[in-house]
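Comments concern the structure below.
Note that this is a predicted model, so its numbers are computed, not measured. Order of listing sets the numbers, starting from 1, for every ligand and every atom in it.
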Amino acid sequence: MKNHMELQQLIDKLHKERSLLKEEWTALISGRTPELSEYLFLLAREERKRYYGTDVYIRGLIEFTNYCRNDCLYCGIRKSNSHARRYRLSEEDILSCCRTGYSLGFRTFVLQGGEDGYYTDERMVHLIHLIKRQYPDCALTLSIGEKSFESYKRFFDAGADRYLLRHETADFSHYKSLHPPALCAETRQECLWNLKKIGYQTGTGFMVGSPHQTAEHLAEDMLFIKRLNPHMAGIGPFIPHHDTPFSGEPAGTLELTLFMLGLLRLMLPKVLLPATTALGTIAGNGRELGILAGANVVMPNLSPAGVRRDYSLYDNKICTGDEAAECRTHLEKRIASTGCRIVTARGDSKI
Ligand code: SAH
């Protein structure tokens, strides 16, 4: 066990050198205290300010399908959840979300969904063309899971700018314990390297406090993210969903999630770092605290109110009853309370 002084020195080392050794990450993560967190967040805020000032970027999230061929043990829209009410938005529905979003000042649209066979490469390419033709000044982000190099390339050539694919956990055996046998960490990570190679602004990330997770696993996550050097890193607490095998597992904590956000900001000072909806779900002021720990992105929901409840990855998700405009106004106030402000720029990566 390292003492307070030694742990603070590790934070200083991270600040200066932008990386730590695996044992150092593990020691820092498992030895964290409220005092160390405050020190970390202060440095993290300074780093964010250096590159982004007080700007917080918004991304309009469109959850366009909850059909999924996968069976991830933590996820509420997993294939074997027969209680999930399945829906799929049509092209017109999606374009109408973009229209609403555009008028609210969104200049990034994120199409997220389960791995839905209906949305073939052809249909995706068509959709990407449509959106980019109507909104050439907006960035388009995809978050639709694992695909071949060729598919990713087709979407990119069609105009998609960014791709979000969390690695979930970098440790191979931990990954196995969260996923069905058909899925493996190696393939997931390969997808991320492919996305970078193709030229996407790429986002990865992990859940904090997922079942069986240890400080060493989190250390491996930090090392993996350092190697990948993504443009964006999305992390949020694991939250159990009542219709999954992990229904009885405890949620990840606010405190550890904030600490990991601060560490990410110091390791990759220019990274785009969202204060996620899951963070806002485990604590009423979670997203504000995320901003104060170094985050600089929020991703409010643009999905039609009628389907929001059905994109249920975890229990008690916030904003499922709101209209897009309400979310936008609430968030504006919440972010202002942190001394930052929402801006409507595309918010491209500075890496
Ligand atoms: N099908 C896409 C999108 C997945 S949903 C893909 O494979 O990338 C987006 C993210 O939600 C996931 O990457 C996962 O990290 C997170 N998530 C899923 N279930 C969750 C849960 N129970 N608690 C917290 N986050 C969860």
For ligand 1, which atoms, with element, lie under 4.0 Å from some heavy atom of C75?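 Within the 4.0 Å cut-off of C75, ligand 1 contributes 19 (N).
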Only heavy atoms of G145, strictly under 4.0 Å: list the atoms of ligand 1 that pass.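 Counting atoms of ligand 1 from 1, those under 4.0 Å from G145 are 2 (C), 6 (C), 7 (O), 8 (O).
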For residues [X] and [Y], is any side-chain donor paired with an opposing acceptor at under 3.5 Å?
X: Q201; Y: D161; answer: no
X: N296; Y: R265; answer: yes
X: D121; Y: S151; answer: yes

[X] N/O under 3.5 Å from ligand 1 N/O:
X: I239; result: yes
X: R166; result: yes
X: S143; result: no

Shortest protein contact, atom 11 (O) of ligand 1 (heavy atom only):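 Looking only at protein heavy atoms, the one closest to atom 11 (O) of ligand 1 is L313 CD1, 3.5 Å.
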Which protein heavy atom lies closest to atom 19 (N) of ligand 1, and at what distance to 0.1 Å?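 For atom 19 (N) of ligand 1, the nearest protein heavy atom comes out as Y74 CD1, 3.3 Å.
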State whether Y67 and R88 meet the cation-pi test: NZ (Lys) or CZ (Arg) under 6.0 Å from the six-membered ring centroid, and within 45° of the perpendicular axis.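 Flagged: R88 positioned over aromatic ring of Y67.
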Distance to the ring centre below 6.0 angstrom and angle to the axis at most 45 degrees; does that hold for R188 and Y175?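 Verdict for Y175: no cation-pi partner in R188.
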Tell me whether ligand 1 is touched by M207 - counting only heavy atoms on the residue side and a distance under 4.0 Å.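 Flag set, M207 near ligand 1.
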Should the proximity of E168 to ligand 1, defined as any heavy atom under 4.0 Å, be assigned to the side chain, the backbone, both, or neither?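 Within the 4.0 Å criterion, E168 contacts ligand 1 through side-chain atoms alone.
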Can you check whether A219's main-chain N or O pairs, donor with acceptor, with K22's side chain at less than 3.5 Å?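 Checked: no pair found.
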Between R308 and D322 (side chain of the first, backbone of the second, donor and acceptor by atom type, cut-off under 3.5 Å), is there such a pair?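 The answer is yes, because a donor-acceptor pair under 3.5 Å joins these two groups.
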Sub-4.0 Å protein heavy atom near atom 16 (C) of ligand 1: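 True for atom 16 (C) of ligand 1.
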What class does the angle between the rings of H217 and H174 fall in, given that below 30° is parallel, 30 to 60° is tilted and above 60° is perpendicular?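 Plane angle under 30°, so parallel.
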Of the choices A278, P237, G113, C72, which has the non-hydrogen atom that lies closest to atom 24 (C) of ligand 1?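 Looking at heavy atoms only, the winner is P237.
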So between R69, R188, Q112, E249, whose heavy atom ends up nearest atom 8 (O) of ligand 1?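 Looking at heavy atoms only, R188 sits closest to atom 8 (O) of ligand 1.
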